[in-house]
Visitor: 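Sharing a structure here in C-alpha cells format.
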Amino acid sequence: MSRIIAFIDASIYADSVCDHAAWLAKRMSVGIDLIHVLGRRDMTNTQGNLSGALDLDARDHLLAELSSIDEQNAKLAQKKGRVILDHAKKRLEDAGVADVQLKLRIGDLIDTMHEFEGQSSLIVIGKRGEAADFAKLHLGSNVERVARASEKPVLVTSRAFQPIKRVLVAFDGGASVTKAVTYLSKTHKAFSGLDLHLLMVGDRTTDATDRIEHAAGILNAAGYDVKSEIVPGEPDKVIAKAVENDDFDLMLMGAYGHSRIRNLIIGSTTTEMIRSCKIPIVLFR
C-alpha cells in the first residue's frame, strides 16, 4: 500500500508538515513514514587541517579530545532526532493518524528519499528548514533538491495548516502539469469535494483553449467540479494575484522544467511561486 513520506526537522515548519501529512493521510486512508535525517555535519566537528599548526604531541592530544566530542555530539544529535520524531508522532496520532512509522537516518536527504519513495504516493516537506526559519522569502535549500530528484509529487507546506477547500491548478499545458491532472483523476479520494480551478496564463489561442478544455474534461469525468480560465499576463504575477485575491488554500503546478544552470541565469517561476505564495504547493516534475 502506498504511504506518505513526511520529512521533518527542528524548524517551525515541522508541525505544519505533520498537519498537512495528517490531512492527506486521513483522506487517502494511508499511513505515514515520518523521517528525520541527520546530516554528517550534525554528527561531527569540523576539525580542519592541524598538521602545520601544532606539534605532534599537542596535535594527537587535541585530536583525541575532538574525537571524544564528536562521539558526544553524535549521541546528542540522535537523541534530539528521536525527540523530534516522538513529538511529531504524537501530533499525528492526536490528529487521528494511527499508522505512523518513525525513521531516523544519518546521511543525505535525497539518498534517504530514494530509499523510501518507491512505496510512497506523495512527499511532504516544509518550505524552510532549521537554518532558514526566520529568513523572509528565503527558500529552504532542500526543497528544490527534493522536487528535482523525486519521481513522486512533493507537497511544500506553508508555515501553518489551514483548512483546504479551494484548489488552484496552475496549468500551462506542459508535461509536468499534465502529470498533476492525471494524479488528480486517479487519486480522487485525496481531493474529493474540493473546488478545483484550472488557471492558464497567456494568450487565448486555439491550442491553449483545447489543452485546458481537455484537462477540465478529464477532471470532470473523474467527478470533480472544475472551473477553468485563460488569463493574459506574466505567469508568476497572475498566479500570485489569483492566490491572494481568490482565497485558494492549495496549489498544484509543474515544477522546474529547466536545468539548474538555466534557472541561475533567467530565474525560476517555480522558485518564485514557492517563495511568494503563502499557501501549500504540490509540485509535479
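The residues of the chain are indexed from 1 along the displayed sequence.
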Visitor: Hey, any chance Val83 and Leu76 share a hydrophobic cluster, counting ILVMFWY side chains that come within less than 4.5 Å of each other, even indirectly?
Guide: no

Visitor: Say you draw a straight line from OH of Tyr13 to NE2 of His20; how long is it, rounded to the nearest 0.5 Å?
Guide: 11.0 Å

Visitor: Does the side chain of Leu38 reach to within under 4.5 Å of the side chain of Arg105, using non-hydrogen atoms?
Guide: no

Visitor: Output yes when a side-chain donor or acceptor of Arg166 lies under 3.5 Å from a complementary backbone atom of Phe248, and no otherwise.
Guide: no

Visitor: Indicate the atoms forming the closest heavy-atom contact of Ala6 with Val17, along with that distance.
Guide: CB-CG1, 3.9 Å

Visitor: State which residues pass side chain to side chain contact (heavy atoms under 4.5 Å, CB included) with Asp19; sequence neighbours excluded, sorted by chain then number.
Guide: Arg91, Phe161

Visitor: Take Lys152 and Leu122, measure what side chain to side chain contact (heavy atoms under 4.5 Å, CB included) needs, and give me the verdict at the end.
Guide: CA-CA 6 Å; Lys152 304 298 173 67; Leu122 186 138; 5.9 Å; no

Visitor: Walk me through it: do Cys18 and Lys89 pass the test side chain to side chain contact (heavy atoms under 4.5 Å, CB included)?
Guide: CA-CA 8 Å; Cys18 291; Lys89 182 179 182 181; over 6 Å; no

Visitor: Could you walk me through whether Arg145 and Asp108 pass the salt bridge (charged side-chain N to carboxylate O under 4.0 Å, His left out) check?
Guide: CA-CA 11 Å; Arg145 293 181 66 221; Asp108 182 69; 2.9 Å; yes

Visitor: With rounding to the nearest 0.5 Å, note down the distance linking NE2 in His36 to CZ in Phe7.
Guide: 11.5 Å

Visitor: Less than 4.5 Å apart, any side-chain heavy atom of Val177 and any of Met253?
Guide: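 A side-chain contact under 4.5 Å is absent here.
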
Visitor: Compile the donor-acceptor pairs under 3.5 Å between side chains in residues 197-213 and protein atoms, sequence neighbours left out, one pair per line.
Guide:
residue : atom : partner : partner atom : Å
His197  : NE2  : Glu229  : OE2          : 3.0
Arg204  : NH2  : Ile230  : O            : 3.4
Thr205  : OG1  : Ala208  : N            : 3.1
Asp207  : OD1  : Arg211  : NE           : 3.4
Asp207  : OD2  : Arg211  : NE           : 2.9
Thr209  : OG1  : Thr205  : O            : 2.9
Arg211  : NH1  : Gly173  : O            : 2.8

Visitor: Would you say the side chain of Tyr224 lies within less than 4.5 Å of the side chain of Leu194, judging by non-hydrogen atoms?
Guide: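 Leu194 does not reach Tyr224 side chain to side chain.
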
Visitor: For a 4.5 angstrom cut-off between non-hydrogen side-chain atoms, does Leu196 reach Lys227?
Guide: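 No, every pair of side-chain atoms sits at 4.5 Å or beyond.
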
Visitor: Once you round to the nearest 0.5 Å, how far does CG of Asn220 lie from OG of Ser185?
Guide: 12.0 Å

Visitor: Assess the residue pair Val226 and Val169 against the criterion (side chain to side chain contact (heavy atoms under 4.5 Å, CB included)); give the C-alpha distance rounded to whole Å, side-chain angles, the decisive distance to 0.1 Å, and a yes or no.
Guide: CA-CA 10 Å; Val226 182; Val169 179; over 6 Å; no

Visitor: Any side-chain heavy-atom pair from Pro280 and Lys127 closer than 4.5 angstrom?
Guide: no

Visitor: Does a sphere of radius 6.0 Å around NE2 in His114 hold more than 12 heavy atoms from other residues, nucleotides or ligands, not counting ones at 6.0 Å or beyond?
Guide: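 More than 12 heavy atoms, drawn from other residues, nucleotides or ligands, come within 6.0 Å of this atom.
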
Visitor: Is there side-chain contact between Gln119 and Phe116, with at least one heavy-atom pair below 4.5 Å?
Guide: yes

Visitor: How long is the straight-line distance from CG of Leu250 back to CD1 of Ile164, given to the nearest 0.5 Å?
Guide: 5.0 Å

Visitor: For Ile5, run the side-chain contact (heavy atoms from CB on, under 4.5 Å) check against Ile35, Val146, Leu34 and tell me which one passes.
Guide: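 The option that passes is Ile35.
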
Visitor: Under the salt bridge (charged side-chain N to carboxylate O under 4.0 Å, His left out) test, which residues partner Lys26, sequence neighbours left out?
Guide: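 Salt bridge (charged side-chain N to carboxylate O under 4.0 Å, His left out) check on Lys26 returns nothing, list empty.
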
Visitor: Ser150 and Glu117: side-chain donor and acceptor closer than 3.5 Å?
Guide: yes

Visitor: Carefully, step by step, assess Asp94 and Lys90 under the rule salt bridge (charged side-chain N to carboxylate O under 4.0 Å, His left out).
Guide: CA-CA 6 Å; Asp94 289 346; Lys90 184 178 186 305; 2.9 Å; yes

Visitor: When you measure from the side chain of Lys165 to the backbone N and O of Asp195, does any donor-acceptor pair fall under 3.5 Å?
Guide: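 Side chain of Lys165 to backbone of Asp195: no pair is present.
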
Visitor: Taking the side chain as every heavy atom from C-beta outward, state whether Asn142 and Ile110 have any atom pair closer than 4.5 Å.
Guide: no

Visitor: Please give me the minimum heavy-atom distance between Ser16 and Ser158, naming the atom from each residue.
Guide: OG-O, 2.6 Å

Visitor: Restricting to non-hydrogen atoms, name the atom on Asp15 and the atom on His87 that form the minimum distance, rounded to 0.1 Å.
Guide: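 Answer, listing the atom of Asp15 first, then His87: OD1-NE2, 3.3 Å.
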
Visitor: How about NZ on Lys179, more than 12 heavy atoms from neighbouring residues, nucleotides or ligands closer than 6.0 Å, or not?
Guide: no

Visitor: Which value, rounded to the nearest 0.5 Å, describes the distance between Ile32 atom CD1 and Leu24 atom CG?
Guide: 8.5 Å

Visitor: Thinking salt bridges, do Glu151 and Arg285 make one under a 4.0 Å N-O criterion?
Guide: no

Visitor: Taking atom CD of Glu244 as the centre, report whether more than 12 heavy atoms of other residues, nucleotides or ligands fall under 6.0 Å from it.
Guide: no

Visitor: With a cut-off of 6.0 Å (strictly less than), are more than 12 heavy atoms of other residues, nucleotides or ligands near CD of Glu93?
Guide: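 It does: Glu93 CD has more than 12 such atoms within range.
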
Visitor: Going through the distances and angles, do Ile274 and Leu283 end up as a side chain to side chain contact (heavy atoms under 4.5 Å, CB included)?
Guide: CA-CA 10 Å; Ile274 300 172; Leu283 303 175; 3.8 Å; yes

Visitor: How far apart are the closest heavy atoms of Ile8 and Ala14, and which atoms are they?
Guide: CG2-O, 4.2 Å

Visitor: Measuring from atom CG of Asp33 to atom OG1 of Thr112, what distance do you get when rounded to the nearest 0.5 angstrom?
Guide: 12.0 Å

Visitor: Please give me the minimum heavy-atom distance between Leu92 and Ala22, naming the atom from each residue.
Guide: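 For Leu92 versus Ala22, the nearest heavy atoms are CD2-CB, 3.8 Å.
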
Visitor: Grab the two heavy atoms, one from Arg3 and one from Gln101, that are nearest each other, plus how far apart they are.
Guide: NH2-CG, 3.2 Å

Visitor: Do Val282 and Val154 have side-chain heavy atoms sitting under 4.5 Å apart?
Guide: no

